[in-house]
Amino acid sequence: GPVQELVPVAAFTAPVNAPQKKAPDVSSPNPIKLTNTGNLMMKAAFHNGKLYVTAQDGKVWQGASSAVTSIRFIRVDVSKILDGSIPTSKASGFVDRIFGKRHPDDPANAISYYGMPAVEVTSKGDAVLTYIRSGTSVFPEVRCSLYYGAENDIRPSQLIRKSGFPLVSSS
């Protein structure tokens, strides 16, 4: 039968819906619904014995009074699963990382919500993560971040597409 192995990761916190920046013609935009998928794994990729996974997570960032939806990125070397030991040390390339809050170019007190993550992996083992972000100081955006396989941490995000207004649902 299939081989199963538990990989210890930090506990997850439930995501919350993301507020949106108000526009002059929209008095109170509805939040972007990020709670409908909870902490389910949103996307996984596999390359050269490593499994790359993204999910939404909640984190109480400094300056926030409650959990803010953020991105959870996990990378684990599963090539030794048949030996019954999956390494979870930093030296093995294991990553269990939550990121979000704000971009370095944002105001110091800004807090943004990050959600709907996806991941793909290049032939060199570099992870490309895409996601949305929104908040009371930023209209919804699509952004991406790179986590080079040989580097110790994720790089600051790059803007893919920015909206000039809040998302408005028809219901």
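The shortest side-chain heavy-atom distance between E120 and K43 falls under the 4.5 Å cut-off. Side-chain contact check for F94 versus P87: every heavy-atom pair is 4.5 Å or farther apart. Side-chain contact check for I154 versus F73: every heavy-atom pair is 4.5 Å or farther apart. Contact check for P140 versus I32: side-chain heavy atoms found under the 4.5 Å cut-off. With contacts defined as side-chain heavy-atom distances shorter than 4.5 Å, the pair P19/T136 qualifies. With contacts defined as side-chain heavy-atom distances shorter than 4.5 Å, the pair Q62/K101 qualifies. The shortest side-chain heavy-atom distance between P166 and F139 falls under the 4.5 Å cut-off. Inter-residue side-chain proximity for K33 and N17 is flagged as met; some heavy-atom pair is nearer than 4.5 Å.
Within the model, atoms CD of Q56 and CG of L40 stand 9.0 Å from one another, a figure rounded to the nearest 0.5 Å. Note: S134 OG to K21 NZ = 10.5 Å, rounded to the nearest 0.5 Å. The OG atom of S66 sits 9.0 Å away from atom CD1 of I111, with the distance rounded to the nearest 0.5 Å. Taking CG from L129 and CE from M42, the interatomic distance works out to 12.5 Å, rounded to the nearest 0.5 Å. Note: N152 CG to R97 CZ = 11.0 Å, rounded to the nearest 0.5 Å. Once rounded to the nearest 0.5 Å, the distance linking CG of L146 with CD of E151 reads 9.0 Å.
Considering only residues two or more places apart in sequence or on other chains, D106 meets the side-chain contact (heavy atoms from CB on, under 4.5 Å) condition with R102, H103, A110, S112, R133.
Residues L51 and M41 fall within the same hydrophobic cluster, defined by Ile, Leu, Val, Met, Phe, Trp and Tyr side chains chained together at heavy-atom separations under 4.5 Å. By the criterion of side-chain heavy atoms lying less than 4.5 angstrom apart, applied directly or through intervening Ile, Leu, Val, Met, Phe, Trp or Tyr residues, Y147 is grouped together with V121 in one hydrophobic cluster. In the hydrophobic cluster analysis, where Ile, Leu, Val, Met, Phe, Trp and Tyr join through side-chain heavy atoms closer than 4.5 angstrom, V16 is grouped apart from L34. Residues V142 and L167 fall within the same hydrophobic cluster, defined by Ile, Leu, Val, Met, Phe, Trp and Tyr side chains chained together at heavy-atom separations under 4.5 Å. Grouping the Ile, Leu, Val, Met, Phe, Trp and Tyr side chains by contacts below 4.5 angstrom, directly or via other members, places Y114 with V119.
Counting only distance, with no hydrogens or angles, the side chain of R75 and the backbone of K50 share no donor-acceptor pair below 3.5 Å. Using a distance-only test at 3.5 Å, with no hydrogens or angles considered, a donor-acceptor pair links the side chain of S70 to the main chain of V68. Of the possible polar contacts, one joining the D126 side chain to the G149 backbone as a donor-acceptor pair under 3.5 Å is found. Side-chain atoms of E141 do not come within 3.5 Å of backbone N or O of I160 as any donor-acceptor pair. Between the D96 side chain and the A10 main chain, a donor and an acceptor come within less than 3.5 Å of each other. A donor-acceptor contact shorter than 3.5 Å links the side chain of Y52 to the backbone of G125. Counting only distance, with no hydrogens or angles, the side chain of S89 and the backbone of S92 share a donor-acceptor pair below 3.5 Å. With T130 contributing its side chain and C144 its backbone, the two residues share no donor-acceptor pair below 3.5 Å. Side chain of Y148 to backbone of A127: no donor-acceptor contact under 3.5 angstrom is found.
Two rings, from Y131 and F99, have their centers less than 6.0 Å apart.
With a 6.0 Å cutoff to the six-membered ring centre and a 45° limit on the axis angle, R72 counts as a cation-pi contact of F12.
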